[in-house]
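Here the structure comes first, spelled out in structure tokens, and everything after it is commentary.
In what follows, every chain begins at residue 1, and chains take the letters A, B, ... in the order their sequences are listed. Every value quoted in this text rests on a predicted model; they were computed, and no experiment measured them.
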Amino acid sequence: MTFDINKIRSDFPILQRKIYDKPLIYLDNAATTQKPQIVIDRITDYYTYENANIHRGVHYLSQIDTTAFENAREYIARFINAPKKEEVIFTKGTTESINLVAASFGRKILNKDDEVLVTAMEHHSNLVPWQMLCYEKEARLKVIPYSDKGEINLSTYQMMLGDKTKIVALPHISNTLGSINPVKEMIRMAHEKNIPVLIDGAQALSHLKVDIADLDCDFYCCSGHKAYGPMGVGILYGKTEHLNFMDPYQTGGEMVEHVTLYETSFNEIPFKFEAGTPNVEAVLGMEAALHYVEETGLDEITAHEKNLLVYGTKKLQQIKGVQIYGKAAEKAGILSFLIDDIHSFDAGTIIDKFGIAIRTGHHCAQPVMNKFGIPGTVRASFAMYNTREEIDKLVEAILQVKKMFG
Amino acid sequence: MTFDINKIRSDFPILQRKIYDKPLIYLDNAATTQKPQIVIDRITDYYTYENANIHRGVHYLSQIDTTAFENAREYIARFINAPKKEEVIFTKGTTESINLVAASFGRKILNKDDEVLVTAMEHHSNLVPWQMLCYEKEARLKVIPYSDKGEINLSTYQMMLGDKTKIVALPHISNTLGSINPVKEMIRMAHEKNIPVLIDGAQALSHLKVDIADLDCDFYCCSGHKAYGPMGVGILYGKTEHLNFMDPYQTGGEMVEHVTLYETSFNEIPFKFEAGTPNVEAVLGMEAALHYVEETGLDEITAHEKNLLVYGTKKLQQIKGVQIYGKAAEKAGILSFLIDDIHSFDAGTIIDKFGIAIRTGHHCAQPVMNKFGIPGTVRASFAMYNTREEIDKLVEAILQVKKMFG
Amino acid sequence: MSMEEIQEQIITEFSYFDDWLDRYNHLIEMGKSVPLINEKYKTKNYLIGGCQSRVWLHAAMKDGVIIFSADSDAVITKGIVNLLIRVFSGQTPDTIIDADISFIDEIGLKEHLSPTRSNGLMSMIKQMKLYALAFKTKSANQ
Amino acid sequence: MSMEEIQEQIITEFSYFDDWLDRYNHLIEMGKSVPLINEKYKTKNYLIGGCQSRVWLHAAMKDGVIIFSADSDAVITKGIVNLLIRVFSGQTPDTIIDADISFIDEIGLKEHLSPTRSNGLMSMIKQMKLYALAFKTKSANQ
Ligand SMILES: Cc1ncc(COP(=O)(O)O)c(C=O)c1O
Ligand SMILES: Cc1ncc(COP(=O)(O)O)c(C=O)c1O
């Protein structure tokens with residue numbers, strides 16, 4: 001497999017457009033990725049030829065859609081190497097997946113004075129649900145610290161795993177610092193004490209190989225839209241034993257088996273957790289996206305993004321006054337920085353004028369900002385279609401920022 | 001405005017396709033509607049030229065998307081005549097909207113021995129969440145009966161509204177019987193006793209005028225995909241006072257205002273209830289769909305569907321052995337029936353062979369089936385693009401069914 | 001007859017029908033001759049989940065082969081059940097466990113093979129194979 | 001000067017700049033001359049929500065007109081605040097309440113007008129109008 005960046009770029013129609021008469025340079029991939037033509041086509045085809053509500057329909061369209069939907073589940077399960085396809089539940093995104101686990105699993109196992117462990121580098125979506133749960137249960141949220149480089153200290157972590165720890169929730173990759181956390185090792189350590197672990201993989205899917213069976217995590221959460229797929233779909237992977245133990249989260253529609261006015265029995269997994277009409281469009285779109293990633297070559301994508309990170313880091317470090325946040329040895333293509341003491345909003349406003357899409361602010365990870373005592377950062381995050389030339393343009397923009405606010 | 005059925009039909013590309021070499025006759029609209037080309041185009045355009053994550057982004061794409069998203073909220077709020085646009089919350093569908101209210105409102109106001117009122121004609125999505133809530137709170141679910149015709153008796157209902165009643169949940173239109181319930185009057189009666197009312201409007205949006213201000217309901221729930229819009233988006237309308245009183249449902253992402261590791265304050269409505277990356281694509285698609293409905297003329301659509309209902313009812317009644325379920329005086333374009341004592345699955349399997357998409361089974365309303373002592377019905381449900389000729393074809397198919405199983 | 005032979009027979013039988021109408025009429029005919037389950041087995045325990053119509057399936061081991069009987073409240077479903085019983089009933093557990101069911105595709109009933117919950121064919125086959133597995137395990141343990 | 005005149009003045013001022021770079025440089029210049037808020041008002045109470053940068057806004061009534069002072073931790077935001085203060089400060093509550101703010105569009109800063117939570121321009125204008133309304137109500141009640 002050869003990684004042909006020109007072909008890849010031509011597969012993403014939005015990269016042909018101009019912003020303020022300049023070619024779009026899209027470096028906001030940690031927020032959401034762009035979509036290749038085949039994903040757009042899949043959606044168009046779906047609504048043009050196939051659209052129907054699935055499950056239980058006897059008519060032709062409903063049948064082919066149901067087949068397509070369940071085949072997509074099977075493909076996606078294989079893509080993340082989930083042991084069983086029924087362990088893959090479709091949600092609307094990472095945030096919902098985590099909330100589902102907090103509500104249906106956390107609420108059932110957590111008691112007063114129990115502990116939930118998270119890191120200090122969480123996205124709010126993997127922090128606030130656990131805060132709320134602990135508040136409700138009078139349990140304690142304990143926070144695993146990390147170094148200024150953005151690395152979790154494994155021995156501190158191991159010490160924190162105690163008799164009261166009922167669940168550990170970790171980000172596979174930090175959306176702010178870019179750290180690729182040693183989750184496999186951390187899962188192993190937790191399992192030694194029989195503690196289940198949830199991984200927030202929002203930043204990992206389609207950027208590095210997600211191998212559920214190898215990780216042996218209890219739950220894995222991710223979003224389609226951050227992995228070249230459509231908005232409105234996410235995955236919750238859960239081990240069968242947990243999913244069977246858990247109560248349903250939302251109820252109604254196809255997730256029930258038998259209903260009388262006063263009693264209801266629930267369907268088996270995964271349907272038990274998929275209340276309401278599923279987002280068939282988005283599931284099929286996500287399947288197409290992961291297909292595209294597989295064909296392009298996930299290892300090659302990972303290597304390409306790592307290259308960009310190394311190149312970008314070097315280039316930014318050459319600019320006087322640029323401070324990079326997040327210097328873990330194992331790091332994904334996410335580059336947070338500040339220029340002198342220029343506010344990220346000021347920097348971002350000017351960088352935007354170059355047609356460059358970067359994100360500024362706290363990136364929904366305010367505790368990370370608090371740690372470093374800053375209100376926000378500028379963040380460039382890479383995807384398979386980014387190039388060194390784009391990073392050079394970013395550098396130009398940064399130099400302009402320095403000139404204007406210097 | 002003239003209602004040009006040929007133009008309308010040509011706007012829905014799927015209607016050009018064939019099933020088993022016969023033109024598709026799509027009569028499963030209560031399950032999900034088909035999409036006009038402009039909805040498909042809106043989605044394609046979005047991913048081809050505009051896609052970005054919204055809110056807080058300073059870059060161009062994020063800004064125009066945020067504007068488009070919030071404009072869509074404003075347009076949709078106006079479409080349903082909601083008093084304020086912040087009262088319109090985007091969810092993934094009716095089922096989620098109802099679950100949200102049950103969890104964030106119901107759970108907060110309901111105590112032991114309190115009562116929740118629903119009808120005996122609910123879709124499971126407006127039944128099971130209340131069952132579960134009552135179970136959790138040791139409260140009582142009371143069921144408003146209806147006549148064999150499918151009409152709620154208002155004086156019985158009024159008598160059931162008691163001191164212990166804390167919430168009433170009603171379907172605007174029954175998805176099985178087609179009854180258009182007198183919800184305005186029922187809301188008024190409940191309000192006389194200060195009881196809030198939730199309306200399940202899944203079958204109403206885009207079929208008849210939904211006028212929130214006029215209804216004065218406390219909550220209104222509906223889905224985009226049943227109103228010519230994309231899958232994966234729904235609406236929860238809620239009165240400001242309730243929404244402010246309610247706790248968030250899901251947490252994480254943009255719905256927070258300020259987060260430290262141990263404390264979080266929440267954003268204002270509607271954002272407080274929109275955790276995670278919103279489904280921008282689907283919201284814009286839904287806006288396009290409602291636009292299309294407005295341009296076509298909602299009153300004309302309602303009249304057209306009523307015409308089809310009257311015609312279809314007459315035609316079906318002319319077939320010996322056809323029994324129609326649901327004969328309310330006020331009825332939407334939903335026609336449930338059985339042929340002799342032929343199982344709905346048998347009938348549906350044969351009708352499908354004519355290229356006709358109808359639904360069979362319990363339609364996620366098992367209590368309705370129990371009332372009539374049947375395992376399921378065959379259901380034809382109409383949308384703006386259906387025609388009398390299509391109903392004639394359905395009649396042909398039914399005659400064939402009679403011949404085969406007679 | 002071996003299972004393959006029965007499948008061939010069924011394929012030949014169906015090959016006489018050119019269109020869906022005749023195929024389904026044949027299926028409906030077959031629905032009438034399904035080996036009826038003893039009424040006492042028409043209970044929840046013998047019900048197969050995941051079908052839109054109700055299907056009861058019973059299995060018994062006799063002289064090393066499994067004998068199936070079944071019923072359904074829908075006629076087409078009965079016809080399908082009958083097909084399956086013709087193929088599987090009277091076979092050994094091992095034959096059933098390893099059975100290839102592609103003949104269903106060849107007789108033009110593929111639509112019933114979709115992995116949905118709307119029709120029960122897949123559930124029926126799964127249940128029959130589960131019975132076979134159970135009997136096999138049981139006899140291995142004896 | 002009337003509010004319209006000030007707006008005209010600002011539009012003329014910006015019309016000298018052809019490109020975004022000069023316009024933003026001008027805005028940054030203006031950011032330096034914002035009427036600084038008294039440090040004691042730089043508290044949570046005077047913070048405007050919904051801005052990515054922090055904006056503190058204070059208002060006082062003097063001789064029938066409202067005097068605004070403000071600050072922000074971002075320079076561009078300060079520039080925008082300054083623009084708004086030039087237009088609104090020293091005007092009567094009624095003028096402020098009814099003010100048309102389309103001049104922002106004309107000077108090429110429309111991008112800051114989007115109804116988002118990512119920038120605070122809309123929030124600032126809303127807050128200024130709220131102050132005006134509050135002062136108006138107060139003096140009506142006296
Ligand atoms: C009356 C009614 N309520 C609720 C629903 C659930 O809607 P959704 O599946 O879009 O959440 C439906 C759709 O099947 C319905 O007809
Ligand atoms: C690490 C991490 N977790 C969770 C999320 C939330 O994902 P979503 O908004 O798709 O639910 C994000 C995305 O912003 C993220 O980066």
Problem - Interchain contact, B:Pro278 with chain A, by part (heavy-atom threshold 4.5 Å) - result: backbone
Problem - Test side chain to side chain donor-acceptor pair (under 3.5 Å) applied to B:Glu281 and B:Tyr47, step by step - result: CA-CA 8 Å; B:Glu281 172 222 300; B:Tyr47 285 130; 2.7 Å; yes
Problem - Most contacts with chain B, counted as non-hydrogen pairs under 4.5 angstrom, among A:Met369, A:His363, A:Met132 - result: A:Met132
Problem - Sidechain-backbone polar pair: B:Gln250 side chain, B:Phe273 backbone, donor-acceptor under 3.5 Å - result: no
Exercise for the section: Step through the shown structure and confirm whether more than 12 heavy atoms of other residues, nucleotides or ligands are within 6.0 Å of CZ on B:Phe354. Expected result: yes
Problem - Side chain / backbone / both / neither for B:Thr94 at chain A, heavy atoms under 4.5 Å - result: neither
Exercise for the section: Give the member of B:Asn370, B:Ile98, B:Thr48, B:Thr264 that has the highest number of heavy-atom pairs under 4.5 Å with chain A. Expected result: B:Thr48
Handout entry: Euclidean distance, A:Phe69 CZ relative to A:Tyr46 OH, rounded to 0.5 Å
Key = 9.5 Å
Practice task
Please answer whether the main-chain N or O of B:Gln366 pairs with a side-chain N or O of B:His124 as donor and acceptor at a distance below 3.5 Å.
Solution key: yes
Practice task
Give the minimum heavy-atom separation between B:Ala31 and B:Lys226, together with the two atoms involved.
Solution key: O-NZ, 3.1 Å
Problem - Most chain B-contacting option - heavy-atom pairs closer than 4.5 Å, from A:Thr251, A:Thr260, A:Asn53, A:Val128 - result: A:Thr251
Exercise for the section: Would you confirm whether A:Ser223, through its side chain, and A:His225, through its main-chain N or O, come within 3.5 Å as a donor-acceptor pair? Expected result: no
Handout entry: B:Gln37 portion near chain A, given a 4.5 angstrom heavy-atom threshold
Key = neither
Practice task
Using atom types as modelled and distance alone, determine if a side-chain donor or acceptor of A:Asp28 lies under 3.5 Å from a backbone N or O of A:Ala357.
Solution key: no
Practice task
With a 4.5 angstrom heavy-atom cut-off, could you sort out which part of A:Ile19 is near chain B: side chain, backbone, both or neither?
Solution key: side chain
Handout entry: Between B:Thr95, B:Val259, B:Ile356, B:Asp352, the one whose heavy-atom pairs under 4.5 Å with chain A are most numerous
Key = B:Val259
Exercise for the section: Heavy-atom pairs under 4.5 Å with chain A are the metric here; pick the option from B:Leu15, B:Thr349, B:Leu61 that has the most. Expected result: B:Leu61
Practice task
Could you look at B:Leu261 and say if it's the side chain, the backbone, both or neither that has a heavy atom under 4.5 Å from chain A?
Solution key: both
Handout entry: Among the listed options B:Val143, B:Val118, B:Leu141, B:Asp247, the residue most often paired with chain A at heavy-atom distances under 4.5 Å
Key = B:Val143
Fill in the blank from the handout: The interface call for B:Ala282 against chain A, heavy-atom contacts under 4.5 Å, is neither
Problem - Main-chain N/O of A:Val58 paired to A:Ser62 side chain as donor or acceptor, under 3.5 Å - result: no
Handout entry: Under 4.5 Å from any heavy atom of chain A - which part of B:Ile351
Key = neither
Handout entry: Atom group of B:Asn279 that falls short of 4.5 Å from chain A, counting heavy atoms
Key = both
Exercise for the section: Examine whether an atom of B:Phe266 lies under 4.5 Å from a heavy atom of chain A, and if so say whether it belongs to the side chain, the backbone or both; otherwise answer neither. Expected result: side chain
Practice task
Kindly say whether B:Gly229 contributes a backbone atom to a donor-acceptor pair with the side chain of B:Lys35 at under 3.5 angstrom?
Solution key: yes
Problem - Donor-acceptor under 3.5 Å (B:Thr360 side chain, B:Phe345 main chain) - result: no
Fill in the blank from the handout: In terms of heavy-atom pairs under 4.5 Å with chain B, the winner among A:Pro13, A:Cys364, A:Gly253 is A:Gly253
Practice task
Sort out for me which of A:Cys134, A:Gly348, A:Pro129 touches chain B most, counting heavy-atom pairs under 4.5 Å.
Solution key: A:Pro129
Exercise for the section: Using atom types as modelled and distance alone, determine if a side-chain donor or acceptor of A:Lys371 lies under 3.5 Å from a backbone N or O of A:Tyr146. Expected result: yes
Practice task
Indicate yes or no for a side-chain donor-acceptor contact from B:Glu122 to the backbone of B:Leu127 under 3.5 Å, with no hydrogens or angles considered.
Solution key: no
Practice task
Please indicate whether B:Tyr49 has more than 12 foreign heavy atoms, meaning atoms of other residues, nucleotides or ligands, lying under 6.0 Å from its OH.
Solution key: no
Exercise for the section: Examine whether an atom of A:Thr33 lies under 4.5 Å from a heavy atom of chain B, and if so say whether it belongs to the side chain, the backbone or both; otherwise answer neither. Expected result: backbone
Practice task
Give the member of A:Lys92, A:His362, A:His59 that has the highest number of heavy-atom pairs under 4.5 Å with chain B.
Solution key: A:His59
Problem - Interface moiety of B:Asn51 toward chain A, non-hydrogen atoms closer than 4.5 Å - result: both
Practice task
Pick one of side chain, backbone, both or neither for B:Gln131, based on which atoms fall under 4.5 Å of a heavy atom in chain A.
Solution key: side chain
Fill in the blank from the handout: The interface call for B:His258 against chain A, heavy-atom contacts under 4.5 Å, is both
Handout entry: Heavy-atom pair count under 4.5 Å with chain A, highest-scoring of B:Glu96, B:Lys353, B:Glu50
Key = B:Glu96
Problem - Region of A:Asn99 in contact with chain B, defined by heavy-atom distances below 4.5 Å - result: side chain
Problem - Test log, rule side-chain contact (heavy atoms from CB on, under 4.5 Å), inputs B:Arg379 and B:Asn175 - result: CA-CA 9 Å; B:Arg379 182 186 70 186; B:Asn175 71 311; 3.6 Å; yes
Handout entry: Structural part of B:Tyr20 lying under 4.5 Å from a heavy atom of chain A
Key = side chain
Exercise for the section: Return yes if some donor-acceptor pair links the side-chain N/O of B:Thr44 with the main-chain N/O of B:Ile40 below 3.5 Å, else return no. Expected result: yes
Practice task
Please flag which part of B:Tyr249 lies under 4.5 Å from any non-hydrogen atom of chain A: side chain, backbone, both or neither.
Solution key: both
Fill in the blank from the handout: Turns out that what part of A:Leu100 lies under 4.5 Å from chain B's heavy atoms comes down to neither
